[in-house]
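Just so you know, these numbers come straight off a predicted model, no measurement behind them. Per chain, numbering begins at 1; letters A, B, ... match sequence-line order.
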Number of protein chains: 2
Amino acid sequence: MDSSSTERTIEYDKLLADFKALLKDKALKFTNQREKILETLYYSQEHLTPEALHLLIKEKYPELNAGIATIYRTLSMLEENDIVSSLSFGAQGKKYELGAKDHHDHMICTECGEITEFVDDVIEAQQHKIAEKFGFKMHDHSMQIYGICKKCQNN
Amino acid sequence: MDSSSTERTIEYDKLLADFKALLKDKALKFTNQREKILETLYYSQEHLTPEALHLLIKEKYPELNAGIATIYRTLSMLEENDIVSSLSFGAQGKKYELGAKDHHDHMICTECGEITEFVDDVIEAQQHKIAEKFGFKMHDHSMQIYGICKKCQNN
DNA sequence: TTATGGTTTGATAAACAGTCTCATTATCTA
DNA sequence: TAGATAATGAGACTGTTTATCAAACCATAA
């Protein structure tokens, strides 16, 4: 499941406990749907579209009969609370991933769509410098490098 | 950071001539609609949604009676040919700008939506290094810093 | 200049992602 | 366990983008 670069920084049990605490704190309810969504995101190595997540959950928990609206609602809630983060793909929608991993940026192959994650300290530091220079109070950023991955270059 | 970074690097006449050459090269036709779209993009200081561009053109050239489909078709064509570039805003669509300016990244205020452009040599250089490290053939990148702009911080 | 053939167009239908509504169901707390 | 209230699924709805197609337009060659 985990190749070294995508190693989880926290265990699922811890994540789930934190999630429950958050819900309690906000007077929200811990539902079966919310649990399965979190779990599916956790055990997926991929960046998932809401639609893909919906399919995965329908396959694994058909009796749950989870609706797509709940997927969207829950993803938004998770994102607001910094549990997941999303990547925009223009008209092609968004892809979500658990944000409990270390922060990272993305390198996207325009041939096969593969997404490689990376962290670069120089870039992280420089972004703060730039925001500061403009009197901008940075609270987030996203960076994507587009190109052709190693595999696709050889095809 | 030089404030000259938003200055046009080429004249409209040159841009138009290049555009005509491109069309000819690809056996595409130079139409009134395509000309006005390019012109409107050139003289706009803003990042425009297809809808906003459509409105601008209807206001300035009502007799052209340009359809929204043509705006979309032309923007796609211009983007494929690296004449414009777009910024994605998830479900809120895309915003386009002429890409004939110097390359730059974007700082986006999540309060008022204002977009500030910047270029940073350290980041530009670092991106190439990162792509190289992964055996990735980079052909493009985009970086956005999200936060609250100076103005909105004081409101 | 005009005829010709292929391209582009506007209108509109359709596809699509994402949001909203609301009656029903589930969860939490006492 | 009951009652209050939040969450859900279904599906209607929105707004953006794409596809379709007959009519209009443009470039070329005579």
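Side-chain nitrogen and oxygen atoms of A:Asn65 include at least one within less than 4.0 Å of the OP1 or OP2 phosphate oxygen of D:dA10. At least one side-chain nitrogen or oxygen of B:Tyr72 sits closer than 4.0 Å to the OP1 or OP2 atom of D:dT17.
Spacing between atom CD of A:Glu35 and atom C1' of D:dT8 amounts to 16 Å, rounded to whole angstrom units. With rounding to whole Å, A:Ile68 atom CD1 is found 15 Å from C:dC20 atom P. Between the C1' atom of C:dC28 and the NZ atom of A:Lys20 lies a distance of 13 Å, rounded to the nearest Å. With rounding to whole Å, B:Met77 atom CE is found 14 Å from D:dT18 atom P. Following rounding to the nearest Å, B:Gln33 (CD) and C:dG10 (P) show an atom-to-atom distance of 4 Å. Computed from coordinates, the A:Glu79 CD to C:dG18 P distance equals 11 Å when rounded to whole Å. Across the protein-nucleic acid pair, B:Ile71 atom CD1 and D:dA19 atom C1' stand 17 Å apart, rounded to whole Å. The nearest whole Å value for the distance from the CG atom in A:Leu64 to the P atom in D:dA10 is 11 Å.
Nucleic acid contact for A:Arg34: sugar-phosphate only, since backbone atoms but no base atoms lie under 4.0 Å from a heavy atom of the residue. Across all strands, A:Glu51 comes closer than 4.0 Å to no nucleic acid atom at all (heavy-atom distances).
Within the 3.5 Å criterion, the main-chain N or O of B:Ala66 finds a donor-acceptor partner in the side chain of B:His54. Side-chain atoms of B:Ser44 never come within 3.5 Å of backbone atoms of B:Thr40 as a donor-acceptor pair (strictly under, hydrogens ignored).
Looking at A:Arg73, its side chain has no donor and acceptor atom pair within 3.5 Å of the base of C:dG18.
Checking C:dT9, C:dA11, D:dG9 against the side-chain heavy atoms of A:Thr70 singles out D:dG9 as nearest. The side chain of B:Ser76 has D:dT18 as its nearest neighbour among C:dG18, D:dT18, D:dT17.
Listed in residue order, the members of residues 21-31 of chain B having a heavy atom less than 4.0 Å from DNA chain D are B:Lys24, B:Lys29, B:Phe30.
Within 6.0 Å of CD on A:Gln153 lie more than 12 heavy atoms contributed by other residues, nucleotides or ligands.
Classification of the A:Tyr42-A:Tyr12 ring pair by plane angle, with boundaries at 30° and 60°, yields tilted. In this structure, B:His47 and B:His106 have perpendicular ring planes: the angle between them is above 60°, well past the 30° mark.
The closest side-chain donor-acceptor pair between B:Glu79 and B:Ser86 falls under 3.5 angstrom. Checked by atom type, the side-chain pair B:Glu39/B:Tyr61 shows a donor-acceptor distance below 3.5 Å.
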